[in-house]
Enquirer: 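Take a look at the following structure, please.
Only heavy atoms go into these numbers, but all of them, side chains included; no hydrogens, no water, no symmetry mates. Each chain gets a letter, A, B and so on, in the order the sequences are listed, and its residues count up from 1.
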Amino acid sequence: MNDGKTYFGAELLKWYRKERRDLPWRRSRNPYHIWVSEIMLQQTRVDTVIPYFNRFVDRFPTVGDLAEAPEEDVLKHWEGLGYYSRARNLQAAAREVAELYEGRVPRVKKEVSGLKGVGPYTAGAILSIAYDQPEPAVDGNVMRVLSRYFCLDADISKPATRVDMESLAASLIPEGQAADFNQALMELGALICTPKSPSCGGCPVAEPCLARLAGREKELPVKTKAKKARDVYRFAALIEGVGPHAGKVLVRRRPDTGLLAKMWELPHIEAADAAAWEDLAEGGRGLEAALAEDGIVAKATERSAFDAQHVFTHLVWHIKVLPARAAEELFVADRTGYEWVGPEQFELYSWPNVFRKLLTEYFVDRAKEKDE
DNA sequence: AAGCCGGGGTC
DNA sequence: GACCCAGGCTT
């Protein structure tokens, strides 16, 4: 009676066992490694994750190592990967696993799902891939593949659709083959059944694919469009130190929660709107006043201001960077969270991409000036 | 249900 | 530019 579903699973497994990519986290069944990889892979491509994964498990080989590590160390190993709450949640969960489960990743669904940063997808991925339990692991790939194969018009941006897909995916798992089947489904989505132009010619289950038969494979899945990012206008101060802080730049640490939590940045303020942003650029007096409120006395220098931009998922930062020099009396950044950083200390801090690029360029330029 | 949370590849 | 990616958390 389930001929269709049996066919789907059998063909997919056959294809996967021939075509599967050799990925670092596929070289063992170490549940901790699989867990780390699944967290890193959330909203992140395989090619991006590989070097991060290798560095991470090299530095934190076991759950215990991760649990005991300083948080800054963990954040540093996540630098540039994005969605930094993943790193903080992962470590919090590792501490939980160390204390409650003797350092072993639990194999009970309720326990795995209870770990910070582990949602329905990741719980299913860990239970199936590490422990071969017949749990679905439905991500964007899987929803795309199933939408097409069964020609489903349900909007995959709706949570209810994911729930339905989980029932469907669970019903497709071949007996005792959850690990390979779930990975096969995602592998097909990543390599063959791609978003824009699927390679149906190389698909092992193209023949009965209902979307393909209906000529609708490029229309599916249905997904409501995301709202476009909001513009935010900011001024950042690139303050050179003087005296004992010559050659260094004043930076500060971001708050413990929210956007880029606990990462380091250039001090900056937000402009009311685009117009105010353009106005304030003249001379940078508004910025000097704002910094003074934070106990920082600095004057704009002869170096000209320049623009930087950074795109996030839900907002766009437009930043005017104003070069400045610290007043003589400001030899120490006595406000908590502020520090002087030069090229030698740079790598000891965790930087979001936008400030990493900006500061790297700055230090390179200063080094060139010195050589001349 | 909608918004928040990064960064990069691709078309 | 728009879309997407081995999603989850908060409100």
Side-chain angles (χ1 to χ4, degrees), chain A residues 20-21 23-26 33-53 75 78-90 92-93 112-130 136-145 155-163 165-166 169 179 181-191 193-198 218 221 223-230 232 254-255 257-263 265 309-317 350-357:
Chain A
R20 71 196 288 265
R21 288 170 289 180
L23 303 173
W25 47 91
R26 284 184 178 160
H33 286 190
I34 289 164
W35 176 21
V36 170
S37 74
E38 291 302 340
I39 299 298
M40 287 187 171
L41 286 162
Q42 289 169 6
Q43 299 295 289
T44 312
R45 290 184 153 70
V46 166
D47 289 342
T48 304
V49 167
I50 290 173
Y52 281 92
F53 174 84
L75 207 53
W78 212 272
E79 182 190 72
L81 198 52
Y83 287 126
Y84 300 99
S85 67
R86 292 185 296 175
R88 289 180 289 117
N89 287 339
L90 178 59
V112 178
S113 300
L115 297 173
K116 275 190 178 160
V118 177
Y121 163 75
T122 306
I126 292 170
L127 292 170
S128 62
I129 298 172
V138 174
D139 68 341
N141 284 310
V142 174
M143 289 200 280
R144 186 171 58 254
V145 170
D155 185 346
I156 65 166
S157 66
K158 297 193 182 309
T161 303
R162 199 210 70 239
V163 173
M165 293 270 186
E166 283 173 348
F181 176 75
N182 282 350
Q183 292 183 88
L185 213 42
M186 293 187 274
E187 196 85 335
L188 190 75
L191 301 180
C193 199
T194 51
K196 298 291 182 185
S197 50
K218 289 188 181 177
K223 188 176 184 183
T224 55
K225 276 183 276 191
K227 279 188 183 174
K228 95 161 199 271
R230 178 171 51 93
V232 173
R254 293 182 60 81
T257 58
L259 185 68
L260 303 172
K262 298 186 178 180
M263 306 288 283
E265 66 177 7
Q309 195 191 56
H310 193 64
V311 179
F312 298 88
T313 304
H314 59 298
L315 50 85
V316 181
W317 275 4
S350 306
W351 309 96
N353 189 270
V354 55
F355 292 114
R356 159 171 286 278
K357 281 185 184 164

Enquirer: Return yes if some donor-acceptor pair links the side-chain N/O of A:Thr161 with the main-chain N/O of A:Asp155 below 3.5 Å, else return no.
Expert: yes

Enquirer: Just to be sure I understand the rule, does A:Arg254 reach a base, reach only the sugar-phosphate, or reach nothing, if contact means heavy atoms closer than 4.0 Å?
Expert: nothing

Enquirer: Select base, sugar-phosphate, or nothing to describe what A:Val46 touches, counting heavy atoms under 4.0 Å on all strands.
Expert: base

Enquirer: Sugar-phosphate means primed atoms, P, OP1 and OP2; the rest is base. With that split, encode nucleotides 3-11 of chain B 5' to 3' as B, S or - using protein heavy atoms under 4.0 Å.
Expert: SSBBBB---

Enquirer: Over how many whole Å does the gap from A:Lys228 atom NZ to C:dG1 atom P extend?
Expert: 10 Å

Enquirer: How far does the P atom of B:dG3 sit from the matching atom of C:dC3, given to the nearest Å?
Expert: 16 Å

Enquirer: Got more than 12 heavy atoms from elsewhere within 6.0 Å of CZ, A:Arg21?
Expert: yes

Enquirer: A:Asn141 CG to C:dC3 C1': how many Å, rounded?
Expert: 14 Å

Enquirer: How many whole angstroms separate atom CD1 of A:Ile156 from atom P of C:dC3?
Expert: 13 Å

Enquirer: Are the side chain of A:Arg86 and the backbone of A:Gly117 linked by a donor-acceptor contact shorter than 3.5 Å?
Expert: no

Enquirer: Does the ring centre of A:His310 sit less than 6.0 Å away from the ring centre of A:Phe312?
Expert: yes

Enquirer: Could you tell me which non-hydrogen atom of A:Gly124 sits nearest to which non-hydrogen atom of A:Asn182, and how far apart they are?
Expert: O-ND2, 4.5 Å

Enquirer: Under the side chain to side chain contact (heavy atoms under 4.5 Å, CB included) test, which residues partner A:Gln43, sequence neighbours left out?
Expert: A:Tyr83

Enquirer: Quick test of your reading of the model: are A:Glu187 and A:Arg20 salt-bridged, counting only N-O distances below 4.0 Å?
Expert: no

Enquirer: Rounded to the nearest 0.5 Å, how far does OG of A:Ser85 lie from NZ of A:Lys262?
Expert: 11.5 Å

Enquirer: Would you measure the distance from the C1' atom in C:dT10 across to the matching atom in B:dG7 and give it in whole Å?
Expert: 22 Å

Enquirer: Work out how far the C1' atom of C:dC4 is from that of B:dG6, and round it to whole angstrom.
Expert: 14 Å

Enquirer: What is the minimum heavy-atom distance between A:Pro198 and A:Cys193, and which atoms define it?
Expert: CB-CA, 4.2 Å

Enquirer: With heavy atoms under 4.0 Å as the rule, sort A:Arg144 into base, sugar-phosphate or nothing.
Expert: sugar-phosphate

Enquirer: Using a 4.0 Å heavy-atom cut-off, does A:Trp25 contact any base of the nucleic acid, only the sugar-phosphate backbone, or nothing at all?
Expert: base

Enquirer: Calculate the interatomic distance between A:Glu187 atom CD and C:dC5 atom P; express it in whole Å.
Expert: 15 Å

Enquirer: Could you tell me how far apart A:Met40 (CE) and C:dA6 (C1') are, to the nearest whole angstrom?
Expert: 13 Å

Enquirer: If I take atom OH in residue A:Tyr121 and atom C1' in nucleotide C:dC5, what distance separates them, rounded to the nearest angstrom?
Expert: 12 Å

Enquirer: Under 4.0 angstrom, heavy atoms only, what part of the nucleic acid is A:Lys225 near: base, sugar-phosphate, or nothing?
Expert: sugar-phosphate

Enquirer: The side chain of A:Pro195 lies closest to which of these nucleotides: C:dC5, C:dA6, C:dG7?
Expert: C:dC5

Enquirer: Using the P atom in both, what is the distance from C:dA6 to B:dC11, to the nearest Å?
Expert: 14 Å

Enquirer: Can you tell me the distance, in whole Å, between the CZ atom of A:Arg162 and the P atom of B:dA2?
Expert: 16 Å

Enquirer: Protein-nucleotides 9-11 of chain C N/O pairs closer than 3.5 Å?
Expert:
residue	atom	partner	partner atom	Å
C:dC9	OP1	A:Gly117	N	3.0

Enquirer: If I compare all heavy atoms of A:Arg88 with all of A:Ala261, which pair ends up nearest, and what's the gap?
Expert: NH2-CB, 3.5 Å

Enquirer: May I ask you to evaluate whether A:Lys223 reaches the phosphate of C:dC5, defined as a side-chain N or O under 4.0 Å from OP1 or OP2?
Expert: yes

Enquirer: Give one of base, sugar-phosphate or nothing for A:Leu23, where a contact means two heavy atoms less than 4.0 Å apart.
Expert: base

Enquirer: Whole angstrom is fine here: how far is it from NZ in A:Lys158 over to C1' in C:dG7?
Expert: 18 Å

